[in-house]
S.K.: 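Quick one: this structure, given as structure tokens, is what I'll be asking you about.
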Amino acid sequence: MAQVIAVAGKGGVGKTTLCGLLIQYLCEKGKTPVLAVDADANSNLNEVLGVEVEMTLGEVREQIENAANSAKSPIPPSMSKADYAEIMMNRCLVEEDDYDMLVMGRTQGKGCYCFVNGLLQAQVQKLTPNYKYMVVDNEAGMEHISRGILPKVDTVILVSDCSRRGVQAVGRIAGLVKECGLNPKQIGLIVNRAPDGKLNEGTKEEIEKQGLTLFGVVPQDQEVYEYDCDGKPMTELPDDAAVKTALYKILDSISL
């Protein structure tokens, strides 16, 4: 079974950028193959990595759920829902040299998706033994993990900006991790976009108050802003980019 690294934090803190660079780090360190899972409905991990996505698992889930009530079902009469789910999941898999990628997506339709979630859970668990690492870019609610679609978690990396509210938000996510019974081997905080890579006393105080382990601090990087404005993948950042240098140093210091 793959080592699962879950990255979580509220929107707008640069979580997806760090997640993409984490995937690049694992690939450069030879910890391959990696399965990248975009489980945040509002994130754009594929854009950070510079890959195109044809279909999401959320779309497959909706197709299967709606098939019974559709005049033109996409599932052939001779095929089971489980077999159809497996075929469509393979279509959702974006294959790159050192990593593959799945986008979970969000189901838009109404109704109970418990049965379909079970099908997807079985397919994901069938897939993960093929990888050394799975990196999951989560939304704050960690929906797909809390629903059991994704497997166990070994490492949780919480990402916040320098604000007290940001640290409080990841404190609540840490509480959710406990409520879900994930029991990761390690869980810690990376503070992103810190001016000059330094934290003020108020932020340090809030981190201690929330009982969070600080993995490290990543500085504000103008180059990241410019790449984002130009629509360039963050994986094309030069090796000496401030964000990349700081993050790689943090990742070297924790057991992955």
Side-chain angles (χ1 to χ4, degrees), residues 4-26 36-49 103-106 133-147 150 153-180 182 184-195 197-200 202-221 224-225 227-228 234-235 242-244 246-251 253-254 256:
V4 180
I5 305 170
V7 182
K10 73 182 185 71
V13 298
K15 169 178 60 68
T16 300
T17 294
L18 296 191
C19 191
L21 293 176
L22 164 60
I23 293 165
Q24 185 177 35
Y25 169 87
L26 293 172
V37 179
D38 187 344
D40 185 344
N42 297 314
S43 77
N44 300 287
L45 183 57
N46 64 299
E47 295 178 6
V48 169
L49 294 171
V103 177
M104 299 299 291
R106 184 184 295 278
Y133 286 85
M134 176 191 288
V135 178
V136 187
D137 185 9
N138 291 277
E139 59 186 0
M142 302 182 76
E143 174 188 1
H144 298 292
I145 288 179
S146 63
R147 289 187 179 185
L150 295 172
V153 176
D154 298 289
T155 299
V156 175
I157 298 177
L158 305 170
V159 180
S160 174
D161 55 17
C162 297
S163 69
R164 277 184 174 266
R165 288 190 298 274
V167 175
Q168 289 166 359
V170 293
R172 289 191 290 271
I173 298 172
L176 179 62
V177 169
K178 292 181 181 178
E179 290 176 15
C180 293
L182 296 179
K185 295 176 183 176
Q186 58 182 344
I187 177 171
L189 168 66
I190 294 179
V191 177
N192 192 31
R193 297 177 179 165
K198 299 177 181 179
L199 300 182
N200 63 32
T203 305
K204 293 178 182 177
E205 180 182 285
E206 190 62 39
I207 292 171
E208 185 175 350
K209 181 180 177 181
Q210 294 294 328
L212 299 169
T213 298
L214 182 62
F215 280 164
V217 180
V218 175
Q220 177 72 35
D221 190 338
V224 170
Y225 171 75
Y227 267 57
D228 187 39
M234 295 302 164
T235 50
V243 63
K244 200 169 181 179
L247 180 63
Y248 277 31
K249 184 176 181 180
I250 294 168
L251 297 175
S253 70
I254 61 179
L256 296 179

S.K.: For the atom pair CD (E205) and OG1 (T203), what is the distance rounded to the nearest 0.5 Å?
M.R.: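 Here the rounded value is 9.5 Å.
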S.K.: Is there a donor-acceptor contact under 3.5 Å from the side chain of K15 to the main chain of N138?
M.R.: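 A pair under 3.5 Å: yes.
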S.K.: In Å and rounded to the nearest 0.5 Å, what is the CE to CD distance from M142 to E179?
M.R.: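 It comes to 11.5 Å.
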S.K.: Working to the nearest 0.5 Å, report the span between CG of N192 and CD of Q220.
M.R.: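 Going from CG on N192 over to CD on Q220, the span is 8.0 Å.
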S.K.: Nearest 0.5 Å, what's the CG-CE distance between L21 and M234?
M.R.: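 The CG atom of L21 sits 8.0 Å away from the CE atom of M234.
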S.K.: For A6 and V153, which heavy atoms make the closest approach, and how far apart are they?
M.R.: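 Smallest interatomic distance, heavy atoms only, reads CB-CG1, 3.9 Å.
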S.K.: Taking all heavy atoms of V170 and all of L158, pick out the closest pair and write down the distance.
M.R.: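 V170 and L158 have their closest heavy atoms at O-CD1, 3.7 Å.
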S.K.: Is a donor on one side and an acceptor on the other found under 3.5 Å between the side chain of N46 and the backbone of V48?
M.R.: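 Here the side-chain-to-backbone pair does not exist.
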S.K.: Looking at every heavy atom in both A8 and I173, which two are closest together, and how far apart are they?
M.R.: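 In terms of heavy atoms, the two residues are closest at CB-CG2, 4.0 Å.
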S.K.: T16 versus D38: any side-chain heavy-atom pair under 4.5 Å?
M.R.: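 T16 does not reach D38 side chain to side chain.
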S.K.: Does any N or O in the side chain of D154 come within less than 3.5 Å of the main-chain N or O of V4, such that one atom is a donor and the other an acceptor?
M.R.: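 Yes, the answer is positive, given that a donor and an acceptor are paired below the 3.5 Å cut-off.
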S.K.: Surrounding CD of Q168 (heavy atoms of other residues, nucleotides or ligands, distance under 6.0 Å), is the total greater than 12?
M.R.: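 It does: Q168 CD has more than 12 such atoms within range.
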S.K.: Where is the tightest heavy-atom contact between F215 and I157, given as atom of each residue plus distance?
M.R.: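 Looking at all heavy atoms of both residues, the closest pair is CE1-CG1, 4.3 Å.
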S.K.: Check whether any side-chain heavy atom of L18 lies under 4.5 Å from a side-chain heavy atom of V243, and answer yes or no.
M.R.: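 With C-beta onward as the side chain, the pair touches.
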S.K.: Can you tell me how far apart CG (N44) and OG1 (T17) are? Round to the nearest 0.5 Å.
M.R.: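 If I round to the nearest 0.5 Å, the distance is 10.0 Å.
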S.K.: Would you say the side-chain atoms of S160 pair up with the backbone N or O of V167, donor to acceptor, closer than 3.5 Å?
M.R.: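 Yes, S160 side chain to V167 backbone: donor-acceptor pair under 3.5 Å.
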S.K.: Rounded to the nearest 0.5 Å, how far does CG of L214 lie from CD1 of I207?
M.R.: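 The CG atom of L214 is 5.0 Å from CD1 of I207, to the nearest 0.5 Å.
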S.K.: Testing D137, I23, V156, L26 one by one against I5 for a side chain to side chain contact (heavy atoms under 4.5 Å, CB included), which residue passes?
M.R.: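 Testing each of D137, I23, V156, L26 against I5, the sole residue satisfying side chain to side chain contact (heavy atoms under 4.5 Å, CB included) is L26.
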S.K.: Which atom pair, heavy atoms only, marks the closest approach of E139 to D40?
M.R.: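 Smallest heavy-atom distance, with atoms named: CB-OD1, 3.5 Å.
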S.K.: Are R165 and E206 within salt-bridge range, i.e. N to O under 4.0 Å?
M.R.: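 E206 and R165: not salt-bridged.
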S.K.: Considering non-hydrogen atoms only, spot the tightest contact between V217 and G197 and give its length.
M.R.: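 Minimum heavy-atom separation between V217 and G197: CG1-O, 3.5 Å.
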S.K.: Donor-acceptor pair, Y133 side chain versus L256 backbone, under 3.5 Å?
M.R.: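 The answer is yes, because a donor-acceptor pair under 3.5 Å joins these two groups.
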